[in-house]
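Worksheet: the structure to be examined is printed underneath.
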Amino acid sequence: MPAETVRTRFAPSPTGYLHIGGVRTALFNWLFSRQHGGQFLLRVDDTDQQRNVEAALAPILHGFRWLGLDWDEGPEVGGAYGPYFQSQRGELYQAAVEQLLASGAAYRDFAKPEELQAEREAAEKAGRPFIYSRTWAAKTPAEASRFEAEGRQSVVRLKMPRQGELVLNDLIRGEVRFAWASEQDHVIQRADGSCLYHLASVVDDEAMRISHVIRAEEHLPNTPRQVFIAQSLGYTLPAYAHLPYVAEPGSKTKLSKRKLDKYLKNRDFAALMELGSSIARRAGFETTADTFNPVIVDFYERVGFLADALLNYLLLLGWSFDAEREEFSRDEMIEHFSLERVNKAPASFDPQKLLSFQDRAMQRLPLKQKVKKCLPFLQAAGLVSEPPPCDTGPYLSQVLTAAGDRVKVAGDVLDYAEFFMPDNAMPYDEAAFEKRLVKAPAAKALLADYVTELPSVAPFEPAALEAHLKTFIERKGVKIGDVVHAIRVAITGKAIGFGLFDALSILGRERSVQRINRALAIAQTKQPRPS
RNA sequence: GGCCCCGUCGUCUAGCGGUCUAGGACACCGGCCUUUCACGCCGGUAACACGGGUUCGAGUCCCGUCGGGGUCACCA
């Protein structure tokens, strides 16, 4: 085999969002090219010419940048084989169409839509597959002018072989066979002269010297006609590798952006969505189902996922290294990836497993970077000004250290919003306040005594605070559980949170005392309701 | 329906004829740790779709059945 350069591509159509399944396809392309020291390119499939290609492409390119999947050629970076927008490559396609027409691999077809429809229906009725009869194919220029004189319009169709078979050697699926006779004479050029995807794709892959076409399985049935085009044009075929698609959680159906409502009935998917929504709500993000949803990559960035964790999870969705290993750094992914070890069966998207990759990646993240990741969420929520005061860094570091593994995605920092609120404006979890203070006179009394002792605890740090509380409960002859919950609710407003002594220490003596006194005062005004 | 693809625990997977009374991970269940919540640790439940072959021997090879999915545009 000749040592040719490996060049792979991902060809998004500008739809305004980056689908999670698309990312996995792009990742495999990217890994394969990086591993072989080749190039990875982005080509925009905009033959359908929409109005706002640029606007619809921006979120996609943004997603690639966030993920760190850099492209060597394509939009915004250029390259020697441009332009990288199919809408700008019309002449190439036109030339290919003419060549196909000249060689007899394609023909002008003058059938009217209703005539085609009639054939289709007849075939269906007879229970046989619909293959166009070529009744309105112009065999000679004279015939073409006659059809035109009748007022017919023409498209260009592929003249597919009607016998023999195509044996395709797919890098993932092995040998796949198709009977030529069951392939339709597909249209490659519309009546208005614009060209269709299959033609454009094949022409571009050749012009851009793509060596490996790595794409999702749904393209497998398209491959024969593309091979036919390539061969008719005298191209050398790229190697094909058809990836299994990413399926819905708990199902084998292809994951699609449109079925959010259905996925929300899946417990794990709903939990992931709720995690995101709750963060978006507290951070004050504007969200719509079109842009904020776990099928779209943007979701993960906005909620505070780590790109490496997402990529690692996606890597394992359809690919494995061995029986044990699941964690891969970016360099390790590049080193170990191989198409041979890609699975053939579709893999369903598992939100919980993704979360566990994220969880572990976050645990490994150095504190400094964690701070950097979390800060924007506090700012979005209006809890920290922009630019942040200079003591924010150290303070946030303390909070994040105390929170430890509890902050799984960066947006989770909002679980500790109370540390960034003014003491007299911190809200209380009503149920917790009621249970631990209003309805717990003993705890309330202990808390009242406890707060009077706080000024003398020194240093005001976790170890000393813990030692003090220990002697406090001994003197009172109570258990730690009798007072600890009341303190927590008083200083954080919540029943749950990280270590109590860390919380006290972070807030400091003055704020702790203030918060406890405020809680005591409010509890005083509320009569315990007889239950 | 035609064509094509796929089929190991709930999920992602290891397995490329014997080392599989099927291994790992996530989830789940139980326990430990513990001021709450996480984390962590220990243990447990749980799968070769079915039927025929081939073979001394099959999760692994072949055929069939069943099941699931993809695709059948002047979309990409």
Side-chain angles (χ1 to χ4, degrees), chain A residues 11-15 45-48 86 109 111 113 116 120 123-124 127-131 153-157 168 170 172-173 176-179 181-184 186-192 194-198 200-201 216-224 242 244-245 247 249-254 267-268 313 316-327 340-341 343-357 359-360 363 403-408 412 415 432 436 466 469 473 479-489 492 494-501:
Chain A
S13 40
T15 51
D45 274 13
D46 58 348
T47 52
D48 214 15
Q86 294 195 322
D109 179 50
L116 242 23
R120 193 185 314 266
E124 230 161 80
R128 59 183 156 77
F130 166 54
I131 298 289
Q153 289 198 313
S154 72
V155 297
V156 177
R157 284 181 184 275
L168 186 73
D170 189 280
I172 292 169
R173 326 202 85 86
V176 184
R177 292 164 178 274
F178 298 89
S182 58
E183 293 297 317
Q184 183 62 277
H186 275 90
V187 174
I188 53 174
Q189 187 173 41
R190 299 184 179 95
D192 69 3
S194 62
C195 291
L196 266 13
Y197 166 74
H198 295 295
S201 179
E217 184 192 346
E218 63 247 38
H219 286 284
L220 193 51
N222 298 158
T223 310
H242 287 93
Y245 54 85
S251 149
K252 291 295 179 207
T253 309
K254 195 170 78 170
R267 188 169 123 253
D268 300 338
Y313 170 69
L316 273 293
L317 209 52
W319 177 85
S320 65
F321 178 63
D322 61 16
E324 314 269 307
R325 184 158 173 201
E326 293 202 329
E327 308 257 347
E340 292 71 43
R341 291 194 65 87
N343 260 297
K344 291 182 191 163
S348 47
F349 176 69
D350 181 352
Q352 298 216 70
K353 188 137 187 173
L354 201 208
L355 241 17
S356 94
F357 274 97
D359 198 351
R360 291 194 295 261
Q363 287 177 11
D405 301 337
R406 294 170 185 81
V407 174
K408 296 169 195 280
D412 281 339
D415 287 348
R436 297 303 183 184
E466 181 164 10
L469 186 68
I473 58 171
K479 291 182 307 223
I480 194 160
D482 295 334
V483 65
V484 96
H485 303 292
I487 303 175
R488 180 186 299 285
V489 172
T492 68
K494 295 173 181 170
I496 58 170
F498 51 68
L500 182 64
F501 306 112

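Within every chain, numbering begins at 1; the chains are lettered A, B, ... in the order of the sequence lines, protein sequences first and strands thereafter. Just so you know, these numbers use all the heavy atoms, side chains as well, and skip hydrogens, waters and symmetry mates.
- A donor-acceptor contact under 3.5 Å is not formed by the side chain of H186(A) with the base of A73(B).
- If you check distances only, the side chain of D46(A) never reaches the base of A76(B) with a donor-acceptor pair under 3.5 Å.
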Within the sub-3.5 Å range, which N or O atoms of nucleotides 3-6 of chain B have a protein N or O partner, and how far apart are they?
| unit_1 | atom_1 | unit_2 | atom_2 | d |
| --- | --- | --- | --- | --- |
| C5(B) | O2' | R173(A) | NE | 3.3 |
| C5(B) | O2' | R173(A) | NH2 | 2.9 |
| C5(B) | O2' | E217(A) | OE2 | 3.3 |

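- Evaluation of the ring pair (Phe, Tyr, Trp, His ring centres under 6.0 Å) rule for F498(A) yields Y416(A), F419(A) as partners, not counting sequence neighbours.
- Across all strands, E218(A) comes closer than 4.0 Å only to sugar-phosphate atoms, never to a base (heavy-atom distances).
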List every contact pair, protein side and nucleotides 27-33 of chain B side both N or O, where the distance is under 3.5 Å.
| unit_1 | atom_1 | unit_2 | atom_2 | d |
| --- | --- | --- | --- | --- |
| A27(B) | O2' | Q352(A) | NE2 | 3.2 |

Dump the pairs, protein N or O against N or O of nucleotides 48-50 of chain B, anything under 3.5 Å, distances to one decimal.
none

What one-letter contact string describes nucleotides 35-47 of chain B from 5' to 3', where B marks a base within less than 4.0 Å of any protein heavy atom, S marks contact via sugar-phosphate atoms alone, and - marks no contact?
BBBBS--------
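- For S182(A), the side-chain hydrogen bond (donor to acceptor under 3.5 Å, both in side chains) test picks out no residue, with sequence neighbours left out.
- In the set C12(B), A14(B), A25(B), the nucleotide with an atom closest to the side chain of E326(A) is A25(B).
- Not a single salt bridge (Lys or Arg N to Asp or Glu O under 4.0 Å) links E183(A) to another residue, sequence neighbours left out.
- Taking the side-chain hydrogen bond (donor to acceptor under 3.5 Å, both in side chains) definition, one finds that H242(A) meets it with D170(A), R215(A), T223(A), sequence neighbours left out.
- Regarding contacts with the backbone of G70(B), every side-chain N or O of N222(A) stays at 4.0 angstrom or more from both OP1 and OP2.
- By the salt bridge (Lys or Arg N to Asp or Glu O under 4.0 Å) test, R360(A) is found to be paired with E327(A), residues two or more places apart in sequence or in another chain being considered.
- Among the atoms of the strands shown, only primed sugar atoms or phosphate atoms (P, OP1, OP2) are found under 4.0 Å from some heavy atom of K254(A).
- V155(A) comes within 4.0 angstrom of a base, heavy atoms only.
- Not counting sequence neighbours, the partners of D359(A) by the salt bridge (Lys or Arg N to Asp or Glu O under 4.0 Å) test are K408(A).
- Here R267(A) pairs with nothing under the side-chain hydrogen bond (donor to acceptor under 3.5 Å, both in side chains) rule; sequence neighbours left out.
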Give me, pair by pair, the N or O atoms of the protein and of nucleotides 19-23 of chain B that are less than 3.5 Å apart, along with how far apart they are.
| unit_1 | atom_1 | unit_2 | atom_2 | d |
| --- | --- | --- | --- | --- |
| G23(B) | N2 | A323(A) | O | 3.3 |

